[in-house]
Amino acid sequence: MYCSELGEQWHAARVEPSLAHLDAAAAGRSSRAVIETITKHLEREAERGSYVAAAEQADTLAAGRRALASLIGHTPDELSFRDSARTSLRALLNSWTLPMSPTVWVAKNEFGPNLAEFEHRDFAVRVLPESDVYGHVDVDALENMLQFEQPDFIHICHIGSASGLVQPVAEIVAVSHNAGVPVVVDMAQSVGHVPTVTGADIVYGTSRKWLTGPRGVGFVAVRADSLADVRVESSDSFIAGQLGLGAAVAEVLAIGQQKVFRELAAIGRITRERLRGIGSWEVMEPVEEASALVTLATPPGWGFSDLEAARDKLLETGILVTAADSWRAPLAADQPHLRVSPHLDVRPEQLDALATAIRTMGY
Ligand SMILES: *Cc1c(COP(=O)(O)O)cnc(C)c1O
């Protein structure tokens with residue numbers, strides 16, 4: 001009945017969806033327990049005052065911090081909370097004393113709004129070479145480049161917003177550290193989705209996507225022994241959200257993070273197999289790519305408005321996906337993509353319904 005043996009459990013922990021929710025990359029569905037954690041705390045804040053309520057939850061907040069830290073390979077005291085991935089990156093760049101016009105190397109799947117942050121600050125951005133047509137970073141080529149030149153840092157989207165490619169972050173970190181170059185990783189699409197213990201100096205991400213925590217919570221973590229000399233302060237305002245995120249991470253750890261990652265990778269493969277070869281829609285990742293984020297390039301001649309109309313039509317038939325425009329990954333192909341991102345509770349008939357629906361759109 002589900003594509004994953006974890007499907008039943010994941011489904012039972014959540015309110016019944018009113019549609020086929022294949023959009024975890026935009027925002028995952030929080031569990032009832034996460035929602036209750038948040039609302040209970042909001043009630044306590046109104047009952048006893050926000051600061052008293054927060055102090056009472058100190059142990060639970062610390063446990064949430066430990067859980068998230070273990071998932072990303074940091075220590076709890078290295079973590080700071082912000083209200084999104086974007087504001088976490090901003091806080092990082094605003095706190096970091098870099099030389100004038102610093103140089104940053106990025107991969108082809110870099111998130112457009114991140115590039116805007118770099119450009120806005122006058123960073124010189126260089127795109128790393130790829131090892132294949134899909135856009136994985138060529139780590140050997142990077143190692144060679146680093147013998148001749150060292151950027152101020154390397155910034156990698158572990159998984160981008162417009163492709164399910166998983167960048168080889170641990171390998172990138174290894175060769176970069178050999179050259180004394182720090183690595184910053186955008187984990188907005190990877191945390192809770194694929195293994196995220198990478199050895200990177202600085203990582204940041206968001207609660208609301210694959211972790212299925214609340215919107216409005218982001219995090220950044222800087223290793224104590226980072227090659228980058230920077231400290232980021234927490235802005236601890238949304239305590240209910242931090243508690244909700246802690247509860248969401250605890251659920252993933254209770255199932256077993258590696259099991260969740262394996263099952264999501266299997267779901268990605270099943271989804272790509274199901275959607276492959278439909279008309280002239282084209283699955284953009286290798287079928288075996290170990291992520292559940294799947295993108296389909298639109299039929300030739302389609303513009304973004306055609307894709308938006310298709311997305312709306314899918315929504316009318318009860319299927320939620322994203323129409324992804326090229327601003328999400330401006331260094332990659334400029335074609336718009338239909339982004340399909342099922343979580344553990346996806347069912348085969350939902351993928352069948354999606355396949356049937358897009359078969360009628362374009363050829
Ligand atoms: C969603 C996303 C972000 C931004 O996350 P927010 O929490 O909305 O700021 C950053 N990077 C990537 C790759 C994303 O997909």
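One-based numbering, in listed order, for ligands and for the atoms of each.
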task = Might you point out which heavy atoms bring Ala228 and Asp201 nearest each other, and give the distance in Å?
result = N-OD2, 4.3 Å

inquiry  = Under a 4.0 angstrom heavy-atom cut-off, which atoms of ligand 1 come close to Ala85?
reply    = 4 (C), 5 (O), 6 (P), 7 (O), 9 (O)

inquiry  = Under a plain distance cut-off of 3.5 Å, with no hydrogens placed, do Ser31 and Glu251 share a side-chain donor-acceptor pair?
reply    = yes

inquiry  = I need the atoms of ligand 1 closer than 4.0 Å to a non-hydrogen atom of Ala188, numbered in the order shown.
reply    = 2 (C), 3 (C), 10 (C), 11 (N), 12 (C), 14 (C)

task = Report, in ascending order of atom number, the atoms of ligand 1 lying under 4.0 Å from any heavy atom of Ser161.
result = 13 (C), 15 (O)

Lys209 touching ligand 1 at heavy-atom level, < 4.0 angstrom = yes

request  = Check Leu320 against Leu315 and note the closest heavy-atom contact, atom names and distance.
outcome  = CD1-CD1, 3.9 Å

key: Closest protein heavy atom (residue, atom, distance) for atom 11 (N) of ligand 1   = Asp186 OD2, 2.6 Å

message = Going by the rule salt bridge (Lys or Arg N to Asp or Glu O under 4.0 Å), which residues pair with Glu282 if we only count those two or more places apart in sequence or in a different chain?
response = none

query = Any non-hydrogen atom of Arg215 lying under 4.0 Å from ligand 1?
reply = no

key: Between Tyr2 and Trp10, ring centroids under 6.0 Å   = no

message = For atom 9 (O) of ligand 1, what is the closest protein heavy atom, and at what distance to 0.1 Å?
response = Arg86 N, 2.8 Å

query = Just wondering, do Glu149 and Arg126 contact through their side chains at under 4.5 Å, heavy atoms?
reply = yes

task = Identify whether the distance between the nearest side-chain nitrogen and carboxylate oxygen of Lys259 and Glu5 falls below 4.0 Å.
result = yes

inquiry  = So if I count the atoms of ligand 1 from 1 in the order they appear, which ones are less than 4.0 Å from some heavy atom of Gln189?
reply    = 15 (O)

Salt bridge (Lys or Arg N to Asp or Glu O under 4.0 Å) against Glu316, all qualifying residues, sequence neighbours excluded = none

key: Shortest protein contact, atom 8 (O) of ligand 1 (heavy atom only)   = Arg208 NH1, 2.7 Å

message = Tell me whether Ile159 reaches ligand 1 (any heavy atom closer than 4.0 angstrom to a ligand atom).
response = yes

query = Which ligand 1 atoms does Ser84 reach within 4.0 Å, using its non-hydrogen atoms?
reply = 6 (P), 7 (O), 9 (O)

